Amino acid sequence: MKIVPAREAAAAAELQLAAERQELFLLYQPKIDLVTGGLAGVEALLRWESPAFGLMKPSEFIPIAERSGAIDSLTDWGVRQVIRQWLDWREQGFKINIAYNISALTLRDVHFPDYLQRLCQIEGMPCEELTLEVTEGATQHAIRLLDTLTRFRIKGMSLALDDFGTGYSSLLQLRQLPYTELKIDRCFIRDVADDPEARLIVRSIIDLAHGLGLVATAEGVETEEMFEFLVDLGCDQAQGFLMARPMRAQDLAPWILNSQTHWREQCKRPALHACQLAVA
Ligand code: G
Ligand code: MN
């Protein structure tokens with residue numbers, strides 16, 4: 001028998017039932033298009049609040065769900081919820097691309113893309129409106145994932161490589177796997193305004209993304225300064241607390257209506273840091 005710490009075993013048992021007990025919910029965080037200032041899409045972020053464990057962080061409960069097998073029911077709940085949410089926004093007059101974080105374990109199943117496509121077709125959501133986010137750690141065995149990832153692309157879904165720059169086999173994966181978007185990890189973005197070396201790295205990642213025909217998205221954009229540097233560096237999209245914290249679905253439409261003019265203005269601004277960039 002596998003020995004697991006008591007907390008993990010208890011959490012795993014609870015997780016298996018979390019979906020049917022309605023303890024799961026999704027928060028949505030906007031991604032801004034840095035050329036137009038418009039909404040590029042949202043990332044759906046899974047949250048679990050249980051009576052026994054309170055609000056447990058995804059960084060804790062996702063690995064437990066992966067080890068216990070509960071991840072399948074979480075993923076199934078998550079993608080169904082995303083599809084329902086897309087349709088709901090569509091009814092309200094918004095067409096919003098939704099990105100969902102997919103576990104490495106789910107990606108081992110080459111039939112998952114077909115399943116997801118069928119769900120989309122039954123409900124009436126175009127596959128093009130869906131982005132799957134994959135983390136680098138998850139993609140260590142690039143070749144094994146090629147089949148599944150290619151199937152998503154054939155169906156028209158987009159594929160984002162999440163937290164780029166923190167893994168070790170990222171460059172090989174970029175060459176071998178059919179990603180459409182590269183999300184620059186927030187640890188590089190954090191220092192982009194203060195540290196010329198961080199800026200150089202971010203600029204190189206953006207160039208790399210563009211060279212490979214990928215959209216470059218900055219994660220963890222928390223200050224105006226970071227935002228301005230990213231605009232100047234030619235980054236395509238930005239996501240972070242500066243624009244919005246992850247929010248409940250019902251808060252997104254008001255957020256769009258309140259802030260779209262502001263972000264359009266921000267992106268129109270002249271490049272304030274052009275001189276600094278030249279000497280960096
Ligand atoms: O690995 P991934 O990019 O999917 O992680 C998303 C997580 O990052 C979410 O849980 C979200 O709350 C958090 N997050 C989003 N924007 C910011 C930000 O600007 N700063 C920090 N520190 N965390 C953020
Ligand atoms: Mn993500």
Side-chain angles (χ1 to χ4, degrees), residues 24-32 34 39-49 54-66 71 74-75 78-79 81-82 85 96-107 130-140 149 152 157-167 170 173 177 179-194 198 202 205 209 214-231 235-249 251-252 255 259 263 266:
L24 300 173
F25 60 99
L26 291 176
L27 296 180
Y28 297 88
Q29 190 177 33
K31 288 193 281 185
I32 292 284
L34 291 176
L39 181 70
V42 294
E43 177 177 2
L45 296 156
L46 185 61
R47 297 288 182 265
W48 176 41
E49 186 159 28
L55 194 63
M56 194 190 278
K57 283 189 192 152
S59 56
E60 188 181 3
F61 76 77
I62 295 290
I64 295 175
E66 286 177 338
I71 192 70
L74 260 54
T75 303
V79 295
Q81 186 66 26
V82 158
Q85 190 55 57
I96 303 171
N97 187 288
I98 307 182
Y100 188 76
N101 294 283
I102 287 288
S103 157
L105 290 185
T106 306
L107 295 174
L130 201 54
T131 299
L132 287 325
E133 291 200 8
V134 180
T135 55
E136 280 191 65
T139 56
Q140 282 165 22
L149 295 186
F152 285 127
M157 298 164 194
S158 299
L159 280 180
L161 178 52
D162 212 356
D163 306 326
F164 180 77
T166 53
S170 16
Q173 288 165 23
L177 298 175
Y179 291 106
T180 55
E181 176 182 344
L182 193 161
K183 297 189 80 176
I184 308 167
D185 192 82
R186 69 176 60 85
C187 69
F188 301 110
I189 306 302
R190 194 180 47 218
D191 302 322
V192 80
D194 312 313
V202 171
I205 297 176
L214 310 181
V215 169
T217 301
E219 298 178 326
V221 181
E222 295 182 352
T223 67
E224 299 270 356
E225 252 191 317
M226 292 178 192
F227 186 91
E228 284 166 18
F229 271 108
L230 291 163
V231 171
C235 192
D236 303 294
Q237 300 181 355
Q239 178 180 352
F241 294 168
L242 175 67
M243 283 73 74
R245 291 190 171 250
M247 63 181 92
R248 293 279 190 171
D251 296 328
L252 190 74
W255 178 87
S259 51
W263 293 111
Q266 293 295 306

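Keep in mind that the numbers below use all heavy atoms, side chains included, and drop hydrogens, waters and symmetry copies. Order of appearance sets the numbers: ligands from 1, and atoms from 1 within every ligand. Remember, predicted model here, so these are calculated numbers, not experimental data.
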Next on the checklist: If the criterion is any heavy atom closer than 4.0 Å to an atom of ligand 1, which residues make the list?
Outcome noted: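 Around ligand 1, where the cutoff is 4.0 Å for heavy atoms, the contacting residues are Gln29, Glu43, Leu45, Arg47, Asn101, Asp162, Asp163, Arg186, Glu219, Gly220, Val221, Glu222, Gly240, Phe241, Pro246.
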[Y] backbone acceptor or donor facing [X] side chain under 3.5 Å:
X: Gln29; Y: Ala244; answer: yes
X: Trp48; Y: Ile62; answer: no
X: Asp236; Y: Ala216; answer: yes

Next on the checklist: Apply side chain to side chain contact (heavy atoms under 4.5 Å, CB included) to residues Leu46 and Asn101 and explain how you reach the verdict.
Outcome noted: CA-CA 8 Å; Leu46 185 61; Asn101 294 283; over 6 Å; no
Item to check | Considering all heavy atoms, the nearest Thr217-Glu181 contact | outcome: OG1-OE2, 2.8 Å
Checklist entry - Between Tyr28 and Val82, which heavy-atom pair has the shortest distance, and what is it? => result OH-CA, 4.5 Å
Checklist entry - Partners of Glu222 by side-chain hydrogen bond (donor to acceptor under 3.5 Å, both in side chains), sequence neighbours excluded? => result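 None.
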Next on the checklist: For Gln85, give me all partners under side-chain hydrogen bond (donor to acceptor under 3.5 Å, both in side chains), at least two apart in sequence or on another chain.
Outcome noted: none
Item to check | Phe227 and Leu34: CA distance, side-chain angles, deciding distance, side chain to side chain contact (heavy atoms under 4.5 Å, CB included) verdict | outcome: CA-CA 9 Å; Phe227 186 91; Leu34 291 176; 3.4 Å; yes
Next on the checklist: So, at under 2.8 Å, which protein N, O or S atoms would a careful student list around the Mn ion (ligand 2)?
Outcome noted: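 Atoms qualifying: Glu43 OE2, Asn101 OD1, Glu133 OE1, Asp162 OD2.
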